[in-house]
Amino acid sequence: MVAPVTPGSRPRQPSLAQLRAFVAVAEHLHFRDAAAAIGMSQPALSGAVAALEEALGVQLLERTTRKVLLSPAGERLAERARTVLDAVGELMEEAEAARAPFTGVLRLGVIPTVAPYLLPTVLRLVRTRYPRLDLQVHEEQTGSLLDGLAHGRLDLLLLAVPLGVPQVVELPLFDEDFVLVMPKDHWLGGRADVPREALKELDLLLLDEGHCLRDQALDICREVGRNPGAPVATSAAGLSTLVQLVAGGLGVTLLPRTALKVETARNDQLTTGYFADPAPSRQIALAMRAGAARQPEFESFAQSLREAMRALPVRVAEAR
C-alpha cells in the first residue's frame, strides 16, 4: 500500500533512475523483462518503482502473482514519464554537441571587402574538414559586426584589424599588400616600385563612409603627407563599382591583393602598380568575445584557416 502524501506537503522529486524503471515496467508489464531491458537487477528495479510510488504518493502498478497492470494513475503518469526521459535524452544530445568541437551553428560575420575573396576558401575548409558545422555567414560593415558580436548575434568575425575594442580578442590570419589600380594608360602602370609618396597628388577613388578599407586608405595617405585638400572622390559602395570607375578614367584606387584578380581580370582597361617595400598593407583576423566558451575551437579554426590561405597572395601570420 502506498503511503498517501499528507495535505500541504509536496511530493519528493523522483529520480531519473526511478522514472526509467517505471517506464520499462509500463512497456513490458513484466518485472524480469523490464529489468533486462534497462540492464538493472530485478530487485533494484522493483525497489526503484516502489520508491517512485512512495515519492509521488500514488499507486502506479497493480501487482498480482501472475501479471503486472498499470493503475489508472499509472497509465497517465507513464506517458508523462516517457516525455521527461525523452527531454532529458535530447538535453544530453545537445550537451554532447556542445562539447564536441565544430558541430552546431557558427554565425560568422564578414566585412564586404573580404567576403567575396576569402569566403571560397573558408567554405571549402568547412565543407571538407568540418562537415558537421552549420556555418551561417553575415556580410556587414565593421561597426555592425562588432555590435552583433557584443550582443551575441554573431559568434566570430572575419575582418581587418586592429580594432582597438575592449573585450574583443583578435586572432591574426594574414597580412596583405595594397595594389594601385589605374586606367590602362596611366604613367605608373606596370611598375613594381611605386613609391608611397605618389599617393600625394593622385586622384584617389575610395569607398563610401563606413567601410574600413576607406579608413585604411586615408591612413596611408596621411602617413605619406598627402595634402588634406587633394581630391578624394567617394563614389562607390563596393569594390566592383570602384574598379569600374577607375576603368572609366575617373581616378585610381587601392585594392587589397586578395581582391585584385577577381576585380580586374574582366576589364582590359585597367593596369596595376605595385608599391616599393615596405608596401602599404592591412591585416585580416578572426575576432571573438574575450572569454568565449568556444575559444579553443575558434583558435583551432584560425590555425586551419591560416594553413588554407597559404595559397593566397598574402603573408600568413604565425600562430600565437
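Remember, predicted model here, so these are calculated numbers, not experimental data.
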Quick check for you: to the nearest 0.5 Å, what is the distance between R289 atom CZ and L157 atom CG?
9.0 Å
When every non-hydrogen atom of P72 is compared with those of E62, the smallest separation belongs to CD-OE2, 4.2 Å
Distance-minimising heavy-atom pair for A285 and P172
CB-CA, 3.6 Å
Given the rule that I, L, V, M, F, W and Y join up when any side-chain heavy atoms are under 4.5 Å apart, are V105 and L123 in one cluster?
no
The salt bridge (Lys or Arg N to Asp or Glu O under 4.0 Å) partners of R107 (sequence neighbours excluded) come to D155
Just how far is it from atom OG1 of T241 to atom CD of E263, taken to the nearest 0.5 Å?
9.0 Å
With a 3.5 Å cut-off and sequence neighbours excluded, list the donor-acceptor pairs that the side chains of residues 266-275 form with protein atoms.
residue: R266; atom: NH1; partner: V262; partner atom: O; Å: 3.1
residue: N267; atom: OD1; partner: Q269; partner atom: N; Å: 2.8
residue: N267; atom: ND2; partner: Q244; partner atom: OE1; Å: 3.3

For residues P195 and K200, determine if any side-chain heavy atom of one lies less than 4.5 Å from a side-chain heavy atom of the other.
no
For residues 41-48, which side-chain N or O atoms pair as donor and acceptor with protein atoms under 3.5 Å away, sequence neighbours left out?
residue: S41; atom: OG; partner: A44; partner atom: N; Å: 3.2
residue: S46; atom: OG; partner: Q42; partner atom: O; Å: 3.1

Is there side-chain contact between V122 and M309, with heavy atoms separated by less than 4.5 Å?
yes
Reference residue I284; test side chain to side chain contact (heavy atoms under 4.5 Å, CB included); the match among L158, V161, L159
L158
List in chain and number order the residues that pass salt bridge (Lys or Arg N to Asp or Glu O under 4.0 Å) with E297, two or more places apart in sequence or in another chain; answer none if no residue qualifies.
R294
L312 side chain near L118 side chain, heavy-atom distance below 4.5 Å:
yes
For V23 against A78, the heavy-atom pair lying closest together:
CG2-O, 4.3 Å
So CD of Q59 and CG of L77: to nearest 0.5 Å the spacing works out to 12.0 Å
Do the non-hydrogen side-chain atoms of Q136 and D134 ever get within less than 4.5 Å of each other?
yes
Between Q303 and E299, do the side chains contain a donor N or O and an acceptor N or O under 3.5 Å apart?
no
Quick check: do F174 and L305 have side-chain heavy atoms less than 4.5 Å from each other?
no
Does this structure show an ion pair linking R315 with D177, if we count only N-O contacts that are shorter than 4.0 Å?
yes
Applying salt bridge (Lys or Arg N to Asp or Glu O under 4.0 Å) to R191 and not counting sequence neighbours gives D193
Over all heavy atoms of both residues, which pair between A293 and P296 is shortest? Give the atoms and the distance, please.
O-CD, 4.1 Å
Determine all donor-acceptor pairs shorter than 3.5 Å in which one atom belongs to a side chain in residues 246-261; sequence neighbours excluded.
residue: T253; atom: OG1; partner: L205; partner atom: O; Å: 2.8
residue: T258; atom: OG1; partner: E176; partner atom: OE1; Å: 2.8
residue: T258; atom: OG1; partner: E176; partner atom: OE2; Å: 3.3

CG/L146 to CD/Q167 distance, rounded to the nearest 0.5 angstrom?
13.0 Å
Less than 4.5 Å apart, any side-chain heavy atom of F301 and any of V126?
yes
For L188, is there any backbone N or O sitting under 3.5 Å from a side-chain donor or acceptor partner on H186?
yes
Joint cluster assignment, L69 & L52, ILVMFWY side-chain distance < 4.5 Å
no
Just wondering, do L199 and V194 contact through their side chains at under 4.5 Å, heavy atoms?
no
Holding to salt bridge (Lys or Arg N to Asp or Glu O under 4.0 Å), I want the full list of residues that pass it with E307, two or more places apart in sequence or in another chain.
R310
Any donor and acceptor pair, going by atom type alone, linking the side chain of E53 with main-chain N or O of L60 inside 3.5 Å?
yes
Just grab all the salt bridge (charged side-chain N to carboxylate O under 4.0 Å, His left out) pairs involving residues 178-187, residues at least two apart or on different chains.
none
I38 versus A24, closest heavy-atom pair with distance:
CG2-CB, 3.9 Å
Is a side-chain donor or acceptor of S281 paired with a backbone partner of D175 at a separation under 3.5 angstrom?
no
If I take atom CD from residue E140 and atom CG from residue D147, how far apart are they, to the nearest 0.5 angstrom?
9.0 Å
Taking side-chain hydrogen bond (donor to acceptor under 3.5 Å, both in side chains) as the test, write out the residues that go with S300, two or more places apart.
none
Strictly by side-chain hydrogen bond (donor to acceptor under 3.5 Å, both in side chains), give each pair with a member in residues 22-31 just once, sequence neighbours left out.
none
Nearest 0.5 Å, what's the CG-CG distance between L61 and L29?
8.5 Å
Using every non-hydrogen atom in the two residues, find where F298 and A292 come nearest and quote the distance to one decimal.
CE1-CB, 4.5 Å
Going by side-chain contact (heavy atoms from CB on, under 4.5 Å), name the residues that satisfy it together with S304, two or more places apart in sequence or in a different chain.
L125, R129, Y130
So do R282 and T113 actually touch side chain to side chain, heavy atoms under 4.5 Å?
yes
Tell me if a side-chain donor or acceptor on E170 pairs with a main-chain N or O of L163 at a distance below 3.5 Å.
yes
For residues 79-89, which side-chain donor-acceptor pairs fall under 3.5 Å, sequence neighbours excluded?
residue: E79; atom: OE1; partner: R82; partner atom: NH1; Å: 3.3
residue: T83; atom: OG1; partner: E79; partner atom: O; Å: 3.1

